Protein chains: 2
Amino acid sequence: MATGRSHTERTRGIPEATVARLPLYLRALTGLSERSVPTVSSEELAAAAGVNSAKLRKDLSYLGSYGTRGVGYDVEYLVYQISRELGLTQDWPVVIVGLGNLGAALANYGGFASRGFRVAALMDADPKLTGKMIAGQAVRHVDELESVVRENGVSIGVIATPAGAAQEVTDRLVDAGVTSILNFAPTVLTVPEGVDVRKVDLSIELQILAFHEQRKAGDGLPPDAEPPASGPGISGAMVRRRPSSAPKSDREPGVQPA
Amino acid sequence: MATGRSHTERTRGIPEATVARLPLYLRALTGLSERSVPTVSSEELAAAAGVNSAKLRKDLSYLGSYGTRGVGYDVEYLVYQISRELGLTQDWPVVIVGLGNLGAALANYGGFASRGFRVAALMDADPKLTGKMIAGQAVRHVDELESVVRENGVSIGVIATPAGAAQEVTDRLVDAGVTSILNFAPTVLTVPEGVDVRKVDLSIELQILAFHEQRKAGDGLPPDAEPPASGPGISGAMVRRRPSSAPKSDREPGVQPA
DNA sequence: TAGATTGTTAATCGATTAACAATC
DNA sequence: TAGATTGTTAATCGATTAACAATC
């Protein structure tokens with residue numbers, strides 16, 4: 001069931017970091033296309049996508065030589081080439097499992113349909129939800145998951161269930177033949193080799209922002225004191241062992257001897 | 001308004017990649033904590049977080065020497081240290097702008113409140129939404145944005161508006177004093193230096209999955225033929241110029257001369 | 001041709017990881 | 001003490017970027 005080959009082998013040498021930026025370029029190009037701009041330079045496109053122009057040119061060079069020196073890139077031609085590289089010139093039926101607030105938001109999200117993704121089914125374990133119309137289609141019971149996947153040739157599943165249900169849903173999707181999963185549930189999923197999982201975690205993004213925000217606010221470091229004896233939801237246990245030998249409070253990890 | 005200093009200077013040398021993983025570790029540790037596990041080894045914690053144990057130890061070493069050789073890490077103590085490093089031991093009032101499906105999902109998302117984030121206000125430009133109760137609070141009109149930010153000391157804004165409104169909302173948030181933005185709108189935002197933006201893009205995640213899926217399905221490469229004369233939503237213009245000199249169809253980008 | 005801009009090189013930077021000395 | 005596991009080193013790998021020759 002798993003292929004046993006790594007990503008880098010599979011992807012004809014296009015770096016992951018580049019793949020992750022292609023949709024950005026595609027979006028910027030689509031905007032130019034809608035404004036009927038015929039041609040764009042790497043400098044302009046890079047600015048529109050929010051990246052460095054050298055990086056843009058290097059990224060595009062992995063796809064082929066699609067620009068013209070002295071002129072730039074033909075917008076429509078590049079839209080097509082990136083779409084093809086990303087696999088967006090074909091139709092991808094997806095199934096969304098879990099139709100709470102987030103699942104409903106995803107079902108209604110226009111960005112899917114416009115890019116070759118077709119919502120083949122909306123599924124939920126709650127019988128009260130089955131039959132409810134969301135984004136123009138009736139929610140089906142998750143019991144039908146296997147048949148829906150097989151009948152529609154679904155290879156991409158979107159998980160918007162509570163954390164507790166995510167792994168079981170994943171297992172069933174994978175057993176039914178799904179090989180790519182977009183996970184919105186706050187859990188680490190275990191999947192067999194050959195199955196790709198991407199994770200979107202709302203709270204993690206906020207936590208990363210909080211980290212930087214903290215550095216800006218007080219500037220410099222958060223207090224390096226012992227933890228308080230009592231705090232919100234934190235037990236006294238943490239006050240316990242602090243390695244007595246630790247001389248770490250004043251070290252500078254950025255300055256290490258070569 | 002901008003500090004003019006780069007991230008790396010500001011963050012006491014903790015690599016961005018490490019910062020991005022700390023919330024993962026925190027989540028895994030919280031799970032252990034709830035199960036009253038007192039101590040965990042780097043091997044176990046790494047498995048729970050889905051990373052390599054050497055990477056975990058290196059990441060934690062940036063925070064200090066919080067483990068005990070031969071024993072492992074004290075779960076509660078590490079929870080506290082990571083929380084503190086991420087700035088989660090303080091309260092972060094956030095404002096959510098845009099209460100369509102996604103905004104409502106975010107407002108209802110429990111993961112925020114449990115980690116020091118407090119939803120100070122829900123705001124929308126649609127007068128029909130103002131006053132509506134979502135997640136226990138009334139939606140307010142976006143006209144009040146500046147006063148809400150100032151009165152609550154909001155430094156983090158979450159944008160869940162349509163793409164067209166995102167930049168204006170951003171400008172207003174920034175003018176009012178917000179210095180971190182979590183952007184769910186499918187647009188590149190322009191912000192002054194010193195303001196952090198993180199972007200969550202649902203359709204981009206799916207596109208990355210499609211790329212890998214394509215490689216699995218047909219295996220190997222998508223057809224490298226000229227684009228079709230007509231295709232779904234693609235104009236004939238793209239058939240135009242293909243550089244005549246391009247000898248690229250058979251090159252191997254992975255094998256470059258050193 | 002002169003000007004513009006790509007595609008590529010090579011240097012640099014940052015992240016990952018195996019291995020192991022330190023040490024509980 | 002013997003066994004276990006951290007914290008750190010150093011090698012490797014991958015990503016970024018300035019610079020510029022190629023060429024439209």
Side-chain angles (χ1 to χ4, degrees), chain A residues 6-9 11 13-22 39-47 49-74 77-78 81 240-248 251-258, chain B residues 6-9 11 13-22 39-47 49-74 77-78 81 240-248 251-258:
Chain A
S6 75
H7 260 168
T8 31
E9 287 171 85
T11 54
I14 300 186
E16 268 303 307
T18 295
V19 172
R21 281 188 295 266
L22 291 180
T39 285
V40 68
S41 71
S42 64
E43 202 67 57
E44 294 163 331
L45 183 54
V51 303
N52 172 302
S53 73
K55 179 151 57 182
L56 171 76
R57 288 197 300 278
K58 188 145 225 319
D59 284 341
L60 294 184
S61 78
Y62 289 112
L63 311 191
S65 290
Y66 294 148
T68 307
R69 290 168 206 242
V71 177
Y73 300 89
D74 181 283
Y77 186 60
L78 197 51
Q81 290 298 344
R240 254 199 299 196
R241 177 179 29 65
R242 172 84 181 265
S244 54
S245 59
K248 285 298 157 52
R251 103 208 139 101
E252 297 179 44
V255 190
Q256 286 172 358
Chain B
S6 75
H7 261 167
T8 32
E9 287 171 85
T11 54
I14 300 185
E16 268 303 307
T18 296
V19 172
R21 281 188 296 265
L22 291 180
T39 285
V40 68
S41 72
S42 63
E43 202 67 56
E44 295 163 330
L45 183 53
V51 304
N52 172 302
S53 74
K55 178 149 61 181
L56 171 76
R57 289 198 299 279
K58 188 143 227 314
D59 284 342
L60 294 183
S61 78
Y62 289 112
L63 311 190
S65 290
Y66 294 148
T68 306
R69 289 167 206 244
V71 178
Y73 300 88
D74 181 283
Y77 185 61
L78 198 50
Q81 290 298 344
R240 255 198 299 193
R241 179 177 28 64
R242 173 83 180 269
S244 53
S245 59
K248 286 298 156 52
R251 104 209 140 99
E252 298 179 43
V255 191
Q256 287 172 358

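Since the model is a prediction, treat every value here as computed from it, not as a measurement.
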Practice prompt. Using the side chain to side chain contact (heavy atoms under 4.5 Å, CB included) rule, take A/Leu63 and A/Leu22 through it: C-alpha gap first, then chi angles, then the decisive distance, then the call.
Written response: CA-CA 10 Å; A/Leu63 311 191; A/Leu22 291 180; 4.1 Å; yes

Worksheet item: Step by step, would you call B/Thr39 with B/Thr68 a side chain to side chain contact (heavy atoms under 4.5 Å, CB included)?
Response: CA-CA 10 Å; B/Thr39 285; B/Thr68 306; over 6 Å; no

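The structure places CD of A/Gln81 at 10.5 Å from CG of A/Asp74, a figure rounded to the nearest 0.5 Å. Atom CZ of B/Arg57 is separated from atom OG of B/Ser41 by 9.0 Å, given to the nearest 0.5 angstrom.
Side-chain N/O atoms of A/Tyr73 include one lying less than 4.0 angstrom from OP1 or OP2 on C/dG7. In this structure, B/Ser42 reaches the D/dT6 phosphate: one of its side-chain N or O atoms is under 4.0 Å from OP1 or OP2.
A/Leu60 has its side chain within reach of A/Leu56: a pair of non-hydrogen atoms, C-beta onward, lies under 4.5 Å apart. Looking at A/Val51 and A/Asp59, their side chains never come closer than 4.5 Å, going by heavy atoms from C-beta outward. In this structure, the side chains of A/Glu44 and A/Tyr73 stay at 4.5 Å or more apart for every pair of heavy atoms.
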Response to the item:
Given Watson-Crick and G-U pairs under 3.5 Å, DNA chain C in dot-bracket ([ ] crossing, | other strand) is ..||||||||||||||||||||||

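Rounded to an integer number of Å, the gap from CG of A/Leu63 to P of C/dT8 is 12 Å. Protein atom OH of B/Tyr62 is 12 Å distant from nucleotide atom C1' of D/dT9, rounded to whole Å. At whole-Å resolution of the value, CG in B/Asp59 and P in D/dT6 are 14 Å apart. B/Leu56 has its CG atom 13 Å from the C1' atom of C/dT17, to the nearest Å. A straight line from CG of A/Leu78 to P of C/dT5 spans 16 Å, rounded to a whole angstrom. In this structure, CD of B/Glu16 is placed 17 Å from P of D/dA15, rounded to the nearest angstrom.
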Each nucleotide N or O in nucleotides 18-22 of chain D that has a protein N or O under 3.5 Å away: list the pair and distance.
residue : atom : partner : partner atom : Å
D/dA18  : OP2  : A/Asn52 : ND2          : 3.4
D/dA19  : N6   : A/Arg57 : NH2          : 3.3
D/dA22  : N3   : A/Arg69 : NH1          : 2.9

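Considering all non-hydrogen atoms of both residues, B/Ser53 and B/Ala46 come closest at CA-CB, 3.5 Å.
The 5' end of DNA chain D is approached more closely, in terms of each residue's nearest nucleotide, by A/Lys55 than by the other of A/Gly70 and A/Lys55.
Among the nucleotides D/dT5, D/dA15, C/dG7, the one closest to any side-chain atom of B/Ser41 is D/dT5.
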